[in-house]
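Everything below concerns the one structure shown next.
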There are 2 protein chains.
Amino acid sequence: MHEVLAAVLQVRDGQLQVLLWQRGIEPDAGRWALPGGRLGDSEDVQTSVLRQLAEKVDVREVAHVEQLQVFSAPDRMPQRRTVVTAFLGLVPCVADPVLPDDTAWHPVTDALQGSPPTAFDHGLIVRRARDRLRAKLSYTNLGFALAPPEFTISRLRELYAAALGHRVSATNLQRVLSRRGVLVPTGGTAAPGPSGGRPAALYRFAERGMRITDPFAVLRPPEPQHAPEGAVHLADPGAAP
Amino acid sequence: MHEVLAAVLQVRDGQLQVLLWQRGIEPDAGRWALPGGRLGDSEDVQTSVLRQLAEKVDVREVAHVEQLQVFSAPDRMPQRRTVVTAFLGLVPCVADPVLPDDTAWHPVTDALQGSPPTAFDHGLIVRRARDRLRAKLSYTNLGFALAPPEFTISRLRELYAAALGHRVSATNLQRVLSRRGVLVPTGGTAAPGPSGGRPAALYRFAERGMRITDPFAVLRPPEPQHAPEGAVHLADPGAAP
DNA sequence: TTAGTTTTCGCCTTATAATCGAAAACGTGA
DNA sequence: TCACGTTTTCGATTATAAGGCGAAAACTAA
């Protein structure tokens, strides 16, 4: 049997959290599992996981979904042999979907340490999801999927710090993203906090489509020569000795 | 039904090539397909694809295998609905496995342009495999899977150029890989070619395990402070003013 | 010995990230 | 209204790594 699962991640309360539901029946009753379910006959895996998220946990605000990996160990679940395609899902920090009673957000760090206990191999899937997110935050504009449509650099810095698990310099974040052209100022400013301070400028991401600015520019192809032959007059119109 | 497929790549004759077999029966009779087959009940997908490669095309010299992606469009194959887990496989350039009559190597570039015509969505899988290889060559030591155990920089440069599809500077390749610590001199030298020249030093890869030296060191965590508090005496045993 | 070939190494330039500190822009309270 | 604390923003500087170029090294063949 083939099923799909999603590790849906969101930054809440300054921590990266994952959406889990508590199993009511055996096997692994009482343990916490990722949302998902059986693959339908007339849908592909990504359509299926989005459908099931919408149906089961009312998550329609998923800003980004991507395939993580297939888990297929014959004994990964007792009883029936089940192959699963695992996904990473990201939800902006402003979203607060209504959840069923058996469903809740849990800090990823806690879940990876057994609190709450996770069902089957779902803990491993959560770890893969977190690692993938951390890697992609470094070299893509995947941050758009964690951030609101408009945000200040400070706000974005908090999101990155929560997701990456370490401190992040606002100055550096600002310029690294700007250089890549994924950060666009909207012109507006946010109101200062209660203790004053300079009002922060608002930004948005250039595109929501995982645009990557030359991924891993290492061992890149040689620069095309400016004008190997002919067309030289174009580059040199009226030069004087 | 679930099946596994592998795009097995190797550099031959200075070109990146892929292993294909010609289908004898409908559907898509006469077109060229990737090796693979049905997932067994007691094996995971990676075990399965390695088994089938060994059984069907006598490829036991696969140096590296990794999951690419699940392809699951309901209509990706006529007749029966089939979900496939696609793999990337890499074979060192020195290997020359015995192949069945219906099986042959084809340049990836040609296959992607319809020569020979590929079956089902296998052309798309080949493209994904090539792109993945190119990306990973930039920031991992995946080159070990294309290269012999020992090699010269010139030889490695040819392999990289063939796989990446553009010229590669031997000087730069040498230093980029050395800096990462994945290139280890063996001490030996290769015999000069028929037209003379300085004999080249032999190298090997440091590890065959996809060791990555700090992947994408962007937005990296701040350096740990030398000695924030306590334990200072350890770092400073018997210092005099 | 000389010419030709190939490899290897050092120096320089460029590109990008990280760090530091000062200036700008706002509230608050004397 | 005028210092003061706070937060944001920007410029200058440093650090690191990749890319390019040419000279020197090490060999073969005439």
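Note that the coordinates shown come from a computational prediction; the quantities given were computed from them, not determined experimentally. Both backbone and side-chain heavy atoms feed into the values below; hydrogens, waters and symmetry mates do not. The chains referred to below are lettered A, B, ... by the order of the sequence lines, with proteins before strands, and numbering in each begins at 1.
For D/dG20, the OP1/OP2 oxygens have no side-chain nitrogen or oxygen of B/Ser169 closer than 4.0 Å.
Residue B/Gln174 contributes atom CD, which lies 16 Å from atom C1' of D/dC21 at whole-angstrom precision. Look at CZ on B/Arg167: it is 19 Å from P on D/dA18, rounded to the nearest Å. What separates CG of A/Asn172 from P of D/dA12 is a distance of 18 Å, to the nearest Å. Distance CG (A/Leu177) to C1' (C/dA18): 14 Å, rounded to an integer number of Å. Atom-to-atom, CG of A/Leu173 to P of D/dT9 comes out at 12 Å; the value is rounded to the nearest Å. Between B/Leu202 atom CG and C/dT7 atom P there is a gap of 12 Å when expressed in whole angstrom units. Here the C1' atom of nucleotide D/dA18 and the OH atom of B/Tyr139 are 18 Å apart, to the nearest Å. In this structure, the CD1 atom of B/Ile153 is 23 Å from the P atom of C/dT5, given to the nearest Å.
Among residues two or more places apart in sequence or in another chain, the side chain to side chain donor-acceptor pair (under 3.5 Å) test is passed with A/Arg157 by none. For A/Asp96, the side chain to side chain contact (heavy atoms under 4.5 Å, CB included) criterion is met by A/Arg12, not counting sequence neighbours. Taking the side chain to side chain contact (heavy atoms under 4.5 Å, CB included) definition, one finds that B/Gln46 meets it with B/Asp44, B/Leu50, B/Val65, B/Phe87, sequence neighbours left out. Residues satisfying the side chain to side chain donor-acceptor pair (under 3.5 Å) test with B/Ser72, not counting sequence neighbours, are none. Remark: A/Ala201 engages A/Tyr203 in a side chain to side chain contact (heavy atoms under 4.5 Å, CB included) (not counting sequence neighbours).
As judged by a 4.0 angstrom heavy-atom cut-off over every strand, B/Ala201 is placed among residues touching the sugar-phosphate backbone only.
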Walk me through it: do A/Val91 and A/Leu146 pass the test side-chain contact (heavy atoms from CB on, under 4.5 Å)?
CA-CA 6 Å; A/Val91 174; A/Leu146 296 176; over 6 Å; no

Can you give one letter per nucleotide of nucleotides 20-29 of chain C, going 5' to 3': B for a protein heavy atom under 4.0 Å from the base, S for sugar-phosphate only, - for none?
B---BBBS--

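Here C/dA17 is the nucleotide among C/dT7, C/dA17, D/dT8 with the atom lying nearest to any side-chain atom of A/Val176. Nearest nucleotide to the A/Arg179 side chain, out of C/dC9, D/dT9, C/dA17: C/dA17.
Atom CZ of residue A/Arg175 and atom CZ of residue A/Arg180 lie 13.0 Å apart, to the nearest 0.5 angstrom.
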